[in-house]
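Note sheet for the following structure.
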Amino acid sequence: DVKVTQSSRYLVKRTGEKVFLECVQDMDHENMFWYRQDPGLGLRLIYFSYDVKMKEKGDIPEGYSVSREKKERFSLILESASTNQTSMYLCASSSGGVRETQYFGPGTRLLVL
Amino acid sequence: GENVEQHPSTLSVQEGDSAVIKCTYSDSASNYFPWYKQELGKGPQLIIDIRSNVGEKKDQRIAVTLNKTAKHFSLHITETQPEDSAVYFCALGGGSEKLVFGKGTKLTVNP
């Protein structure tokens with residue numbers, strides 16, 4: 001079974017803090033994704049990566065950056081957290097192209113105070 | 001760019017009834033149409049998908065239909081059970097290298 005794990009289920013941070021969200025997959029997938037999920041807005045893509053050290057902006061990259069130093073790990077970074085970044089963050093991975101199944105982690109619920 | 005509209009946003013049915021969720025899109029280059037189910041406290045999970053060369057696909061109680069001319073596709077769940085209660089997302093791909101997700105439908109199956 002594919003397993004995607006996220007470092008925290010719940011996180012509380014202060015405005016202006018630097019926040020790291022970690023994601024690890026164990027299936028040697030090339031592709032990894034970060035989404036945020038908000039009520040009424042569905043899943044919105046923040047960043048994705050097709051290979052180590054490669055990254056592509058998604059639909060809402062502002063205020064975020066990512067890092068992929070190893071194939072199995074994809075990190076989402078909030079350089080200076082703001083209250084409007086309070087959300088559920090979902091990581092996913094897949095092999096191959098866009099038609100391949102994306103496997104999601106359980107999500108990290110981030111609260112920025 | 002690609003865009004997908006999903007309706008309804010909430011759906012409540014009695015156990016045993018059928019449920020239908022519909023998504024419409026505009027990009028004719030889209031050729032891959034998956035559906036994901038998200039249970040409470042979990043990430044979304046693929047339940048069924050369809051490619052543009054097929055009009056319908058079934059897997060036990062769930063089916064997806066695609067009308068490429070009208071640019072819409074639908075998820076059908078028959079004989080609903082309480083464990084079908086979840087949020088369902090349609091998505092589409094093919095026009096670009098990423099999936100575009102709908103806003104989700106919260107399905108409640110009442111016993």
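Numbered from 1 within each chain, the chains take letters A, B, ... in sequence-line order.
- Within residues 101-111 of chain B, the residues that have a heavy atom under 4.5 Å from a heavy atom of chain A are B:Phe101, B:Gly102, B:Lys103, listed by number.
- When heavy atoms are compared at a cutoff of 4.5 Å, A:Phe33 does not approach chain B at all.
- Note that the CG atom of B:Leu46 and the OG atom of A:Ser94 stand 11.5 Å from one another [nearest 0.5 Å].
- Using a 4.5 Å cut-off between heavy atoms, A:Arg109 makes no contact with chain B at all.
- Grouping the Ile, Leu, Val, Met, Phe, Trp and Tyr side chains by contacts below 4.5 angstrom, directly or via other members, places B:Val54 with B:Leu66.
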**Message:** Evaluate B:Gln45 against A:Tyr103 for side-chain contact (heavy atoms from CB on, under 4.5 Å), listing each step before the verdict.
**Reply:** CA-CA 7 Å; B:Gln45 183 176 11; A:Tyr103 295 89; over 6 Å; no
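- Looking at every heavy atom in both residues, A:Phe48 comes nearest to B:Lys98 through CE2-CD, 4.0 Å.
- Interface check for chain B: of the options A:Arg44, A:Glu56, A:Gln102, the most heavy-atom pairs under 4.5 Å are formed by A:Gln102.
- Interatomic distance, B:Ile47 CD1 to A:Thr101 OG1, rounded to the nearest 0.5 Å: 12.0 Å.
- Within the 4.5 angstrom heavy-atom criterion, atoms from both the backbone and the side chain of B:Pro44 approach chain A.
- A:Leu41 and A:Tyr89 fall into different hydrophobic clusters, where Ile, Leu, Val, Met, Phe, Trp and Tyr are joined by side-chain heavy atoms under 4.5 Å apart, directly or via other members.
- Residue A:Leu11 is grouped with residue A:Phe74 when hydrophobic side chains (ILVMFWY) are merged at heavy-atom distances under 4.5 angstrom, including chains of intermediate members.
- Heavy atoms from other residues, nucleotides or ligands lying under 6.0 Å from CD of B:Gln60 number 12 at most.
- The local environment of NZ in B:Lys22 is sparse, with at most 12 non-hydrogen atoms from other residues, nucleotides or ligands closer than 6.0 Å.
- Cluster annotation: A:Phe104 is connected to A:Tyr50 through the hydrophobic network of ILVMFWY side chains, with a link wherever side-chain heavy atoms come within less than 4.5 Å.
- If you measure heavy-atom distances from B:Phe33 to chain A, you find no contacts under 4.5 Å at all.
- For chain A, the nearby part of B:Gln38 is the side chain; its heavy atoms alone come within less than 4.5 Å.
- Smallest separation of non-hydrogen atoms from A:Leu90 and B:Gly43: CD2-CA, 4.1 Å.
- In terms of heavy-atom pairs under 4.5 angstrom with chain B, the leader among A:Gln6, A:Gln37, A:Met88, A:Arg9 is A:Gln37.
- For CD of B:Glu79, the number of neighbouring non-hydrogen atoms (other residues, nucleotides, ligands) closer than 6.0 Å is 12 at most.
- Its side chain outside the 4.5 Å cluster rule for every partner, B:Leu40 clusters with none of the Ile, Leu, Val, Met, Phe, Trp and Tyr residues.
- Connection of B:Val64 to B:Val4 is established within a shared hydrophobic cluster, with ILVMFWY side chains joined at heavy-atom distances below 4.5 Å, either directly or through further cluster members.
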